[in-house]
There are 2 protein chains.
Amino acid sequence: MSETATGGESLLFLTDEQLRKGIEAMFFAYRGFTADPDRILSELDYGRAHHRAMHFINRRPGLTVNALLSLLGVTKQSLNRVLRTLIADGLVESRVGSHDRRERHLRLTQQGAELEQRLSLAQRARMRAAYRAAGPEAVAGFRQVLEAMMDEEIKDQYLMLRDGQP
Amino acid sequence: MSETATGGESLLFLTDEQLRKGIEAMFFAYRGFTADPDRILSELDYGRAHHRAMHFINRRPGLTVNALLSLLGVTKQSLNRVLRTLIADGLVESRVGSHDRRERHLRLTQQGAELEQRLSLAQRARMRAAYRAAGPEAVAGFRQVLEAMMDEEIKDQYLMLRDGQP
DNA sequence: TTGGAAAGTCAACAAGGCTGACATAAACTG
DNA sequence: CAGTTTATGTCAGCCTTGTTGACTTTCCAA
C-alpha cells in the first residue's frame with residue numbers, strides 16, 4: 001500500500017508519528033486547560049469535581065441528579081459527596097421536583113453562580129487566548145477532532161448540550 | 001468595538017458561547033482519549049499513572065527520573081510509587097548513570113515495551129479514527145489550538161519531545 | 001397495591017495526588 | 001579536603017475523588 005497518496009489524498013497525517021504528537025498534545029494541553037480553575041479551587045478547599053458539577057448545573061439549571069450523574073460519568077456516591085458539600089456551603093440548591101417528587105432539581109445559588117463565573121472566566125481566558133492565537137480555521141478543526149474522539153453516548157450528550165437552547 | 005469584524009476578520013469564534021463549546025468538547029473528548037487504555041490497565045491492576053510513565057520512558061529511553069518527573073508534572077514521591085511497581089513487575093529497568101552515577105536511567109524491558117505497545121495501539125486507534133473522520137486540515141487546527149493552550153514551560157517540553165530525534 | 005425507579009446513605013476500599021522529614025551517594029566548589 | 005548541592009529513594013500521613021455493595025426511603029405508575 002502506498003504511503004504517500006491514496007485516492008488522491010495524502011494520508012501522511014495518519015502516521016503513527018502524527019498520532020503520537022496528537023496524543024502528547026492532548027496530554028499536555030489538558031494540564032493547561034485545568035490549571036487556572038485548579039489554582040482558584042485549591043484556595044477554597046474545593047477540587048476539580050466541584051468545578052465540573054457547578055459547570056453543568058450552571059449550564060442546565062434545574063437538571064436532576066441523574067442527569068448530572070450521566071454528564072459527569074461518575075457514580076452517584078462519588079457525586080453525592082461533592083454535591084453535599086456544595087449544598088452545605090450554600091453554593092447549590094436542591095429542590096424536590098414538582099412533577100416527580102422523587103427527583104431533586106439542582107441550581108446554583110447567587111453565591112454558587114459567582115464562584116462558577118470566577119472559575120469559568122479563568123478557563124475561558126486561556127481558551128480565548130488559544131483560540132485567538134490559532135485563528136478561526138484552526139478552532140473549527142480543533143472542535144471537529146475532539147468531537148470525533150468522543151464515545152458515542154457521550155457525544156450525544158455533548159451535542160444536546162451544545163445545541164440545546166444555548 | 002465592533003463585534004462582527006475587526007481588522008477585516010470576524011471574531012465571532014471568540015464569543016463566550018464558542019469558548020464554552022470548546023471547553024465542553026475538551027472535557028468530553030478527554031474521557032474518550034483515556035477510555036481505551038484505561039480499560040486495558042484496569043484488567044492488569046495498573047492505572048493511568050503507569051501508562052503515562054511508560055509512555056514517556058518509551059519515548060525517551062534512558063531518560064532520568066528527574067526528567068520524567070518534570071514531564072509528568074508530579075512529585076517524586078508520587079512517581080516513585082508507580083515506578084517501584086513497574087520495576088518490581090519487570091516492565092521498567094533502572095540503570096545507574098555511567099557519567100553521573102547519582103542518576104538513574106529508565107527504559108522499558110521487553111515485557112514493558114509489549115504492554116506499552118498494547119496501550120499505545122488502543123489509544124492510537126481512536127486518535128486515528130478521529131483524525132480520519134476530521135481530515136488533515138482539521139488535525140492541523142486541532143494541534144495548533146492545543147499547543148496554544150499549554151503552559152509555557154510545558155510547551156517547551158512538548159516541543160522538545162515533538163521535534164527531538166523523532 | 002405492588003414493582004421498580006430515583007435518590008440518599010453507610011461502609012470500605014483504591015489510585016494517585018500532596019507535604020514533610022530524612023538517608024544516601026555522588027558530584028561539585030572553594 | 002571539607003562542606004554544600006544534587007539526584008534519588010523512602011517512610012509516614014493526609015486529601016480528593018473514584019469504585020462496589022448493601023440498604024432505606026419515597027413515591028410514581030401500571
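Chain letters run A, B, ... following the sequence lines, proteins first and then strands; every chain starts at 1.
- No hydrogens or angles considered: a donor-acceptor pair under 3.5 Å links the side chains of E24(B) and H55(A).
- Legend: side chain to side chain donor-acceptor pair (under 3.5 Å) pairs involving residues 127-138 of chain A, not counting sequence neighbours, sorted by first then second residue: R128(A)-D16(B).
- Checked against a 6.0 Å centroid threshold, the rings of F33(A) and F27(A) do not count as neighbours.
- Following rounding to the nearest Å, R104(A) (CZ) and dG8(C) (C1') show an atom-to-atom distance of 8 Å.
- When rounded to the nearest whole Å, the span between CG of N66(B) and C1' of dT5(D) equals 13 Å.
- Between R48(B) atom CZ and dT16(D) atom P there is a gap of 20 Å when expressed in whole angstrom units.
- Listed by residue number, there are no residues of residues 23-41 of chain B with a heavy-atom contact under 4.0 Å to DNA chain C.
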I would like to know whether Q123(B) and D36(B) meet side-chain hydrogen bond (donor to acceptor under 3.5 Å, both in side chains); could you show each step before the answer?
-> CA-CA 6 Å; Q123(B) 194 160 45; D36(B) 304 320; over 6 Å; no

Taking only nitrogen or oxygen atoms into account, show me every contact under 3.5 Å that the protein makes with nucleotides 26-30 of chain C, one pair per line with its distance.
from	atom 1	to	atom 2	distance (Å)
dA26(C)	OP1	R101(B)	NH2	3.1
dA27(C)	OP1	H99(B)	O	3.4
dA27(C)	OP1	R101(B)	N	3.0

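- Taking atom CG of L63(B) as the reference point, atom P of dA7(D) lies 14 Å away to the nearest angstrom.
- OP1 or OP2 of dA15(C) has not a single side-chain nitrogen or oxygen of H50(B) nearer than 4.0 Å.
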Can you list, pair by pair, the side-chain donor-acceptor contacts under 3.5 Å of residues 47-54 of chain B, counting residues two or more places apart and other chains?
from	atom 1	to	atom 2	distance (Å)
R48(B)	NE	D38(B)	OD1	3.3
R48(B)	NE	D38(B)	OD2	3.1
R48(B)	NH2	T34(B)	OG1	3.3
R48(B)	NH2	D38(B)	OD2	2.8
H50(B)	ND1	G47(B)	N	2.9
H50(B)	NE2	T85(B)	OG1	3.2

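- Within the structure, side chain to side chain donor-acceptor pair (under 3.5 Å) pairs that include any residue of residues 138-156 of chain A comprise R143(A)-E147(A), R143(A)-Y158(A), R143(A)-Q18(B), E147(A)-Y158(A), E147(A)-R162(A), D151(A)-R126(B) (at least two apart or interchain).
- Distance CG (D45(A)) to P (dC15(D)): 10 Å, rounded to an integer number of Å.
- The stretch residues 68-87 of chain B comes close to DNA chain D through K76(B), Q77(B), N80(B), R84(B), each having a heavy atom under 4.0 Å from the strand.
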